[in-house]
Structures are given as C-alpha cells and as structure tokens.
Number of protein chains: 2
Amino acid sequence: MLQLSKKVEYGLIALRHMAMKPSGNVVTTKELANEYDLPYELLAKIMQKLARGGVVRSLQGVKGGYTLAQRPSDLKVALVIRIIDDSKPMVAECYTEGPEGCYLFYNCTIRRPLGKLQRNLNVLFDQMTVQEII
Amino acid sequence: MLQLSKKVEYGLIALRHMAMKPSGNVVTTKELANEYDLPYELLAKIMQKLARGGVVRSLQGVKGGYTLAQRPSDLKVALVIRIIDDSKPMVAECYTEGPEGCYLFYNCTIRRPLGKLQRNLNVLFDQMTVQEII
DNA sequence: GAATATAGGACTGGTAGGGTCGGATATTAT
DNA sequence: ATAATATCCGACCCTACCAGTCCTATATTC
C-alpha cells in the first residue's frame, strides 16, 4: 500500500516529542507510551533500535531513558526509516540488489524509468528532518 | 517497506508494453505473461482491473485482448496505483479518513508535518505518466 | 537490595499480498 | 453448430510480514 509502517510513525512521534523538549532532556519509554497511548513494549523495541542506530542515546537504570543524540535539524527522516525498518524507503526492491535480487532483472522494463521516481522520493525523505515535523 | 506492490509493477510493465506498440494494437494477457514471464492468472486480474478502471479497453473473444484507452502521455502513474491497489499512494493511513480512521487522530503529532511529505509524493505520482516510463 | 529503567529474544495472531483453480461468457473461425 | 480462444470473476490457499505481547536479563539509582 506504499505506506509508512506504524513503527516508523511511532518512532517519528517519539523523536518529535524529544525534539520539543530542551536539549539533553531525558525521556522514558513509559512516558512516551502514556503520552501518546502507544503500546509500551513495541515502542521500547523501536527506541532500542534508534539507540543502536545512534539516533538517540540510552541511559540505563532507574533515572534512565533516552536523549537525542543528534540535533533535530540534522536528523533525516530517511535515516529513521532505514534504522527502524531495516531498509531504505524504496519504490521497487530491485533498487537494492543486482540481478540476484529480482528474477525479472533483465526482462524488467520499468526499472530504469522508476528510478527517476525513486530518486525524487529519496530526495524527499533525505531532505526532511525531524526539526521540520515539529 | 514503502514499496510499490508487485501488482502495480506488473501493471506498469504491461501498460508500458502497450504504449510502445502502435496505437490501437491489441495485446493479450498471454502475450504479456510470456514476454515478461509474469504469472498469467495474476496478470489477467490486473488487466481486468485496468479495464474496469477505464485505462485499457477490453475485447472479448478469440481475437480479443486489450488496447490502451488513453494516450500514454495522459495516463498518470497515480491513477494506475489507485486502480490496481484500490488506494492512493499514501504515507500514512490517516490521510484517507477523518478521526474515525485513526485512534491516534487527536494525539497524533506527526499527521500535519507528514502532510507535507504526502503532498510532495502526490505530486510525484501525479506528474509521472506512462509515457515517461518508456 | 529494592525499584525502575533499558536490552533483547521468543512467541502469537491477524491480515494483506502474491499466486492458483475452476468455471462462465463472449467472439471468431471452421 | 461447435471448437477454439479470449476476457471475466469469484473462491481459495499460503506465505510473509507486521503489530503487539511476554518474559527474563542487565544496569543504575536511592
């Protein structure tokens, strides 16, 4: 359906929330889940991914939580998608791999033309930062 | 994963094929399936949808098949997606329905910002025609 | 050491997408 | 007429993926 996954949505909501607080402010998953009524455990996983991806910094322990590891103006939406969904936002899968990825590869007549669309899409996601979604 | 469905891909391949033939040329599903090694029955369904959607004209019977019902330069990729997938290419589902569609609606903080991205995406798909993918 | 936070593996359940099958209908050619 | 060949269309399967849950381990604070 060509649609962002809920995970990405939740991730963006969380990052936006953090971006609106003063820099360095610690936010817990619980707090986020309550505030936006998101499933806690799922959100927790997302935050962990964002932490592994270097987008947020995690602090363990009783006073722990997450802080933004990058300035919102530097944080590209494309990166968030890549981290959470383990993939670039792509129009067709054939843009990742070579001939192995798609049995149509040589027969596929729309790969090249769709590339144009793909590039435009990339630009879109690569330009938009978390700063802009505040 | 934010990716075009295979159905849409197949549909575009078919339409491109037809667009390259002289106008009015009749093409059968069988021919298309053989040429591009696509699953016949699935492609047949897609062609039927395109016919119902007014994108191609169907001719039944032994000498039957499909012809383009619109000039390739008029045929928007967005329309093809809408017809085949029964949906607009959307970033988030909340852009279809009102508050009923999404329980987050009022809490959702990214709807408005994502709208910008959505509009850009719409422009992309609305501008690109089948003519351009030849 | 109790409380509370992240870390992360395992599992479930629903749904949509890709693909298949069977039969009905229309048209042409023999 | 009837055989051949095309679209039409409903029903079905099956697999993969996604959202969501559960449970346990680990780190940190008080």
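In the text below, chain A, chain B and the rest are named by the order of the sequence lines, each starting its count at 1.
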Closest of dG20(D), dA26(C), dG19(C) to the Q60(B) side chain is dA26(C)

query = Just to confirm, is there a sub-4.0 Å distance from OP1 or OP2 of dT5(D) to any side-chain nitrogen or oxygen of T28(B)?
reply = no

**Request:** Determine whether M47(A) and V26(A) fall in the same hydrophobic cluster, where Ile, Leu, Val, Met, Phe, Trp and Tyr are linked whenever their side-chain heavy atoms lie under 4.5 Å apart.
**Result:** no

| query | Counting only side-chain N and O atoms of Y66(A), is one of them less than 4.0 Å from OP1 or OP2 of dA7(C)? | reply | yes

In short, T67(B) meets G24(B) closest at the heavy-atom pair CG2-O, 3.4 Å

In whole angstroms, the gap separating P of dA16(D) from CG of D86(A) amounts to 18 Å

For R52(B), which contact category applies under a 4.0 Å heavy-atom criterion: base, sugar-phosphate, or nothing? sugar-phosphate

Going by modelled atom types, is there a donor-acceptor pair between the base of dT6(C) and the side chain of K45(A) at under 3.5 Å?
no

In whole angstroms, the gap separating P of dT20(C) from NZ of K7(B) amounts to 13 Å

- Query: Quick one: the side chain of Q48(A) and the base of dA7(C), do they pair up donor-acceptor inside 3.5 Å?
  - Reply: yes

Judged by nearest nucleotide, the residue sitting upstream toward the 5' end of DNA chain D, G61(B) or G61(A), is G61(B)

Rounded to whole Å, the CE-P distance (M47(A) to dG8(C)) equals 14 Å

dist E31(A):CD -> M18(A):CE (nearest 0.5 Å) comes out at 9.5 Å

- prompt: Is any side-chain N or O of S58(B) closer than 4.0 Å to OP1 or OP2 of dA6(D)?
  reply: no

Separation of dA5(C) atom P from N34(A) atom CG, nearest Å, is 10 Å

Review point. K76(B) side chain to D126(B) main-chain N or O, any donor-acceptor pair under 3.5 Å?
Key: no

The answer to which of K63(A) and V62(B) contacts DNA chain D further toward the 5' end, by nearest nucleotide, is V62(B)

Between CG of L42(B) and C1' of dC12(D) the distance, given in whole Å, is 14 Å

note: K49(B), atom NZ; dT7(D), atom P; distance rounded to Å ~ 18 Å

inquiry  = If you compare every side-chain N and O of Y10(A) against the phosphate oxygens of dG20(D) (OP1, OP2), does one of them come in below 4.0 Å?
reply    = yes

I13(B) atom CD1 is separated from dG18(C) atom P, nearest whole Å, by 13 Å

TODO: Could you walk me through whether T129(A) and R71(A) pass the side-chain contact (heavy atoms from CB on, under 4.5 Å) test, one step at a time?
DONE: CA-CA 10 Å; T129(A) 68; R71(A) 287 206 313 263; over 6 Å; no

Look at K30(A) and dA5(C) and indicate whether a side-chain polar atom (N or O) is within less than 4.0 Å of OP1 or OP2.
yes

Taken to the nearest whole Å, CG/L32(A) to C1'/dT6(C) is 13 Å

Discussion item. Looking at Y40(B), I'd like to know whether one of its side-chain N or O atoms comes within less than 4.0 Å of OP1 or OP2 on dT7(D).
Written reply: yes

